A.B. asks: 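My questions will all concern the structure given below.
As the structure lists them, so they are numbered: ligands from 1, and atoms in each ligand from 1. Because the structure is a prediction, the values reported are computed rather than measured.
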Amino acid sequence: MNKESRINLHLDRVMRPIESANGLPNECYTDSSAFTLDRDCVMAKSWACVGFGTDVPENWAVPISFMGYPILLTRSSDGVLRVFHNVCSHRGMQLVLEAGKLGTGLIRCKYHSWTYDFEGNLKGTPMIGGTSNNEHKDFDPTVNGLKPINTTVWMDNIFINISNDAEPFEEFIAPLIQRWSKWVSSETLMELAPGIDTKMELVVKSNWKLAVENFLEAYHLPWVHPGLNSYSPLEKHYDIDRGENYAGQGSSSYTAPAGVTGTISSWPNDEMNFAEYPVLYPNTLLGLQSDHFFTMTILPINETTSLERVQLMFLGDVATHEKYADHRQSMVDSWREVFSEDIFAVEGMQSGRQSPAYQGGVFSPVMDQHTLHFHQWVAKRLTDN
Ligand code: FES
Ligand SMILES: [Fe+2]
C-alpha cells in the first residue's frame, strides 16, 4: 500500500467520536509528500497568515517563500497591500529576489527587464519585437501581468487564499467576531495598533500542526507553565465554542499588568478578567485581552521545522510612544517566556512521531476536544482532495 492510501485509511479513524478516535498518523508530521499535501489541500485553500502588514512599508516589495511557493508582498504608495505569485510571466524567473523599496513604482525582472506596476500590470517589455521595438502585434501585455492572490489584512495580519476560491475573508472571520462581540466590535478592535518593536520569532523543530495543537489546549498548563498557572490556573480556563474555522481556550483570570492605562473602549468593566486564545485555522494563533492583542503565525519551513512569528498590538500611545517602550518590552518578554516554555513539548511530540509504536495516539474526551477538532478539520481537507 502506498503512503497516500495509508494516510487515507488512517484518516477514517481521525473522524471517529473522540472516545475511539486516533489522531493524524505520523506521516502527516514527518513526510515531505504530506507537507506538500498540507500546502495544497489545507493552507492554499483556506486563509493562511503569512506575515504582518508592518513587514511591508509603502513602495516596498517583499519576497517570501511560503511552503516552497514564491510569493510577493507589495504595498503601493497609496498604502494598498497586494500579494502576487513572485514569478515573471516571461520565462518564469523569480521576479523579486530580495526585499526593498522600489522608488520608480515599478517592479523590474532582472533577467530581460520586463516591468510591472504595483497593481501587477505588465508595463514594459523592452525589445520584445526586436532590438528597436518594445511591442509586438502578437503579444498582449494586458493578459500577461502578475498573477494576484486574494489577500486581506486583518489586525495587521496578512491573510492569503492561494487558491483564490475560498469564502470571502469577512465570512471566514465572522463567527469569531460574533463570539467576541460581547467585548469588542470590528470598530473597537481598530483601537489596537501594532506595537513598535514588539515582533519576535521562535524556531521550533516540529511540524507546523504540532505548534497549532499545543496552543489549542490548556491541559498542559500546570506542568509546562507553572508560573502562568500560578496566576491564571487551569481551572480558570474554559474551552471556547468550536466554530467552523476556529477553536481554543479562554481564561477568566486575566489581569492586565499594573500601571497600564486604557482598555478597549467597548470592553465591559465587569469582564476585564476575560481573555481568549483561539486558533484561526489553519495557522493563526490569537490572544485577545482588554489591553492588548497578539498574533502568532506558524510558518511551516519544512515537515519538521516551523517558524513562529509574533506581533503584539496595543492601544493608542501605548503602541507607539517612546514612554511606553519599557512596558511593550516587558510584555514581549513575558509572552516570549510562555511561548518558549512550550518548545520542548512541541519538539518532543515531533521526535515521538518517529516511533512506529505511535499511531496517532488517543484523546482525553474532556481536555483534548479542540485537538481532535483540528485534526478532523485537516483530515477533511486532505480527503476532499
Ligand atoms: S524572465 Fe523576466 S523578463 Fe524574462
Ligand atoms: Fe503552552
Side-chain angles (χ1 to χ4, degrees), residues 61 63 70 72 84-98 102 104 106-117 120-131 133-136 139-141 143-147 200 202 204 206 208-240 247-251 253-254 275-279 285-287 289 294-296 298 306 308 310 334-350 364 367-368 370-371 374:
L72 186 63
F84 302 98
H85 289 280
N86 186 14
V87 61
C88 181
S89 302
H90 178 217
R91 300 302 306 139
M93 168 88 178
Q94 179 175 323
L95 182 61
V96 175
L97 302 175
E98 55 189 44
L102 303 172
T104 60
L106 290 174
I107 306 167
R108 190 176 69 81
C109 179
K110 286 193 156 65
Y111 199 2
H112 310 95
S113 209
W114 287 22
T115 49
Y116 305 83
D117 66 16
N121 303 303
L122 180 56
K123 300 302 278 187
T125 51
M127 301 188 201
I128 192 171
T131 53
N133 201 338
N134 295 339
E135 296 169 5
H136 189 277
F139 180 80
D140 180 0
V143 295
N144 284 290
L146 297 180
K147 302 294 174 284
M200 69 178 109
L202 299 164
V204 284
S206 89
W208 67 276
K209 296 188 291 298
L210 293 174
V212 169
E213 292 165 28
N214 174 68
F215 196 84
L216 279 169
E217 48 99 343
Y219 188 9
H220 65 274
L221 223 66
W223 305 286
V224 175
H225 307 291
L228 178 64
N229 194 59
S230 67
Y231 55 84
S232 181
L234 178 57
E235 56 273 22
K236 297 279 189 183
H237 281 68
Y238 57 90
D239 277 356
I240 64 180
Q249 25 158 342
S251 166
S253 62
Y254 174 75
E276 292 203 343
Y277 305 94
V279 177
L285 285 45
L286 302 170
Q289 296 90 177
F294 70 75
T295 298
M296 175 191 282
I298 311 292
S306 305
E308 300 180 341
V310 180
S334 66
W335 280 120
R336 189 198 304 277
E337 188 179 336
V338 172
F339 298 146
S340 299
E341 286 170 348
D342 286 309
I343 291 179
F344 89 95
V346 173
E347 293 186 344
M349 287 195 287
Q350 182 68 39
S364 156
M367 309 300 270
D368 291 326
H370 291 335
T371 315
F374 176 65

A.B. asks: Taking all atoms of both residues into account, what is the closest heavy-atom pair of Gly287 and Tyr277, and its distance?
C.D. replies: CA-CD2, 3.6 Å

A.B. asks: Please list, in chain and residue-number order, the protein N/O/S atoms closer than 2.8 Å to the Fe ion (ligand 2).
C.D. replies: His220 NE2, His225 NE2, Asp342 OD1, Asp342 OD2

A.B. asks: Show your reasoning for whether side-chain hydrogen bond (donor to acceptor under 3.5 Å, both in side chains) applies to Tyr111 and Gln94.
C.D. replies: CA-CA 9 Å; Tyr111 199 2; Gln94 179 175 323; over 6 Å; no

A.B. asks: Not counting sequence neighbours, which residues clear side chain to side chain donor-acceptor pair (under 3.5 Å) with Asn134? List them please.
C.D. replies: none

A.B. asks: Would you say the side-chain atoms of Asn86 pair up with the backbone N or O of Leu95, donor to acceptor, closer than 3.5 Å?
C.D. replies: yes

A.B. asks: What protein atoms of element N, O or S are positioned under 2.8 Å from atom 4 (Fe) of ligand 1?
C.D. replies: His90 ND1, His112 ND1

A.B. asks: Identify the heavy atoms of Pro278 and Ile240 that sit nearest to each other, and give their distance.
C.D. replies: CB-CD1, 3.7 Å

A.B. asks: Mind listing the closest non-hydrogen atom pair of Pro233 and Ser253 along with its distance?
C.D. replies: CD-OG, 3.8 Å

A.B. asks: With distance as the sole criterion, is a donor-acceptor pair present between the side chains of Arg108 and Thr115 under 3.5 Å?
C.D. replies: no

A.B. asks: Determine which pairs satisfy salt bridge (Lys or Arg N to Asp or Glu O under 4.0 Å) with at least one residue from residues 208-219, sequence neighbours left out, and list them in order.
C.D. replies: Asp38-Lys209

A.B. asks: Would you give the length of the straight line joining atom NE2 of His225 to atom CG of Asp342, rounded to the nearest 0.5 angstrom?
C.D. replies: 3.5 Å

